[in-house]
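As the structure lists them, so they are numbered: ligands from 1, and atoms in each ligand from 1. Computation of the quantities below employed the complete heavy-atom set of this structure, encompassing side-chain atoms and omitting hydrogens, waters and symmetry-equivalent molecules.
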Amino acid sequence: MDLQAFRLEVRDFVRTQLPEVVREKVRLGVELSRSEKREWEVRLRDKGWIAPSWPVKWGGPGWSPEQRTIFLEEMSINDAPEGNGLTFEMVGPILITYGTPEQQQRFLPRMVSLEEVWCQGYSEPNAGSDLASLSTRAVREGDHYIVNGSKIWTSNAHNSDWIFCLVRTDPQAKPQLGISALLIDMKLPGVSVQPIIGIHGWRYFNQVFFDNVKVPVDLRVGAENQGWTVAKGLLDHERLNLSRVGENRRRLARLQRVGETVHEAGVLLRDRPWFRRRYRELEVRLETLAATVMRYRRIAESGEGLGPDVGMLKLVGSRLVQDMENLTVDAIGPESLPYDKAAHSQWGPAWPQLDDPHPQGLPPRNEYAITAASRRFVSRGYTIAGGSSEVQHNLLAKQVLDL
Ligand SMILES: Cc1cc2nc3c(=O)[nH]c(=O)nc-3n(C[C@H](O)[C@H](O)[C@H](O)COP(=O)(O)OP(=O)(O)OC[C@H]3O[C@@H](n4cnc5c(N)ncnc54)[C@H](O)[C@@H]3O)c2cc1C
């Protein structure tokens with residue numbers, strides 16, 4: 001495979017197929033509408049690129065780790081919307097690994113055709129870092145489970161058709177040994193979804209409630225009470241995915257542009273030593289992370305299985321996001337304040353306002369100023385999602401460094 005030719009093919013596709021308004025919104029960090037996201041996903045689906053890490057057998061392109069990395073980089077650098085990671089990088093791979101043939105036949109084709117979108121139901125109001133203490137209960141009654149309880153921080157649940165859910169099937173067993181993984185149809189009677197509005201004004205999170213929801217036993221993934229093994233498999237995929245190399249490339253490109261457009265006492269920031277030093281440090285950290293992620297993708301590809309050390313990728317990638325957003329705000333300075341929630345959200349008077357970002361007749365704000373502060377606030381969640389940094393440090397200390 002000629003990787004350079006492949007890169008150019010992907011670049012050409014995204015540059016010619018991505019609508020200009022969507023590209024601008026992604027570049028500036030403004031929320032996309034559901035239809036804008038959908039339109040882009042349809043184009044990827046029609047091209048056969050909607051599930052970049054899947055094998056050909058299940059509708060993926062069967063790419064090598066190098067091709068996948070190039071694809072994600074080009075998508076990100078050229079300001080394409082983020083892919084639906086929960087469906088294609090988490091639940092899909094779990095079903096490919098642990099699903100029954102019937103489950104695979106039933107669900108995988110409907111993922112790639114975009115008929116069904118998935119979300120992840122792990123966290124609960126009293127079970128986050130200590131996930132094994134989860135208490136959503138599933139009681140077996142014949143060929144069904146009756147599910148009661150609640151999941152929280154469920155990203156994109158309001159747009160999802162199915163939820164991949166961890167439930168307690170044996171309350172007497174040790175916490176990890178009494179959990180099962182269920183595939184639950186969000187349209188079933190007894191499932192309800194309440195919004196949680198994020199600091200950026202977007203509806204991203206939700207709380208999902210289960211009130212006597214009747215779930216067929218054949219929608220359990222793995223054996224009863226073996227859900228922890230399946231859950232850990234999903235977390236490995238999640239942590240590899242959460243290394244955020246592509247996204248960080250876009251942030252670095254944003255910073256480069258800030259350096260080329262923002263002046264400090266008449267001097268462009270790119271010529272200021274403090275900015276150059278911080279920019280270069282971030283660049284080196286990103287390249288180091290990218291090389292390491294590639295190594296882990298090859299391990300995952302070989303079927304060897306990922307060890308607990310994969311957690312360091314998420315640690316490093318999420319910290320990098322925060323440091324990039326911090327530098328953006330520091331570089332733009334007071335112009336990036338006050339925090340402009342409305343501009344960041346499609347619910348506010350957002351998009352038209354970007355054409356006239358400084359209504360008081362003052363000099364125009366930097367193009368990134370309008371969303372810089374909200375992006376910085378939102379980046380705080382990156383070291384929490386998928387397992388907090390504190391907990392990741394503990395795991396690495398115990399399981400990898402043997403401390
Ligand atoms: C952007 C985002 C998206 C998310 N999407 C989803 C989703 O789709 N589905 C889903 O199920 N969940 C989702 N979550 C939830 C996420 O998995 C939890 O927030 C996370 O596991 C932490 O749990 P918690 O919020 O209950 O915090 P807690 O576990 O209560 O932790 C609170 C604080 O205490 C610290 N802490 C806890 N235990 C220890 C310890 N043993 N040692 C040291 N420090 C400790 C933590 O680091 C943290 O700072 C998402 C979260 C975010 C931020």
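A salt bridge links Glu247 with Arg251: the closest approach of a Lys/Arg side-chain nitrogen to an acidic carboxylate oxygen falls below 4.0 angstrom.
Close approach of ligand 1 to Gly381 is summarised as follows: ligand atoms under 4.0 Å from at least one heavy atom of the residue are 53 (C). In the vicinity of Asn394, heavy-atom distances shorter than 4.0 Å reach the ligand 1 atoms 40 (C), 41 (N), 42 (N), 43 (C). Short contacts between ligand 1 and Val391, defined as distances under 4.0 Å to a heavy atom of the residue, involve ligand atoms 38 (N), 39 (C).
Residue contacts with ligand 1: Tyr122 is placed with a nitrogen or oxygen under 3.5 Å of a nitrogen or oxygen of the ligand (distance criterion only). For Tyr204, no nitrogen or oxygen atom sits less than 3.5 Å from a nitrogen or oxygen atom of ligand 1, counting backbone and side chain alike. The shortest N or O to N or O distance between Gln120 and ligand 1 is below 3.5 Å. No N or O atom of Thr154 sits closer than 3.5 Å to an N or O atom of ligand 1.
Of all the listed residues (Trp118, Trp153, Phe164), Trp153 holds the heavy atom that lies closest to atom 25 (O) of ligand 1. Nearest to atom 17 (O) of ligand 1 by heavy-atom distance, out of Ser123, Gly387, Gly198, is Ser123. Relative to atom 4 (C) of ligand 1, the option among Ala157, Ser318, Gly85, Ser155 with the closest non-hydrogen atom is Ser155. Of all the listed residues (Ala385, Gly128, Ser129, Ser160), Ser129 holds the heavy atom that lies closest to atom 28 (P) of ligand 1.
At a 4.0 Å cut-off, at least one heavy atom of Phe205 sits close enough to ligand 1 to count as contact.
A donor-acceptor pair shorter than 3.5 Å cannot be found between the side chains of Ser389 and Thr383. A side-chain N or O of Tyr145 and one of Glu224 form a donor-acceptor pair less than 3.5 Å apart. No side-chain donor from either of Ser155 and Gln120 sits under 3.5 Å from a side-chain acceptor of the other. If you check the side chains of Trp153 and Gln207, you find no donor sitting under 3.5 Å from an acceptor. Side-chain atoms of Asn225 and Thr169 form a donor-acceptor pair, as typed in the model, at a separation below 3.5 Å.
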Tell me, with the steps shown, if Asn78 and Arg23 meet side-chain hydrogen bond (donor to acceptor under 3.5 Å, both in side chains).
CA-CA 8 Å; Asn78 291 293; Arg23 185 194 321 283; 5.3 Å; no

Would you sort out whether Leu86 and Phe164 count as a side chain to side chain contact (heavy atoms under 4.5 Å, CB included), showing the intermediate values?
CA-CA 10 Å; Leu86 288 170; Phe164 181 86; over 6 Å; no

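Paired with Trp49 under the rule ring-ring contact (aromatic ring centres under 6.0 Å, His included), one option of Trp40, Phe88, Trp63, Trp54 passes, and it is Trp63.
Only the side chain of Ser388 comes within 4.0 Å of ligand 1, counting heavy atoms alone; its backbone N, CA, C and O stay farther away.
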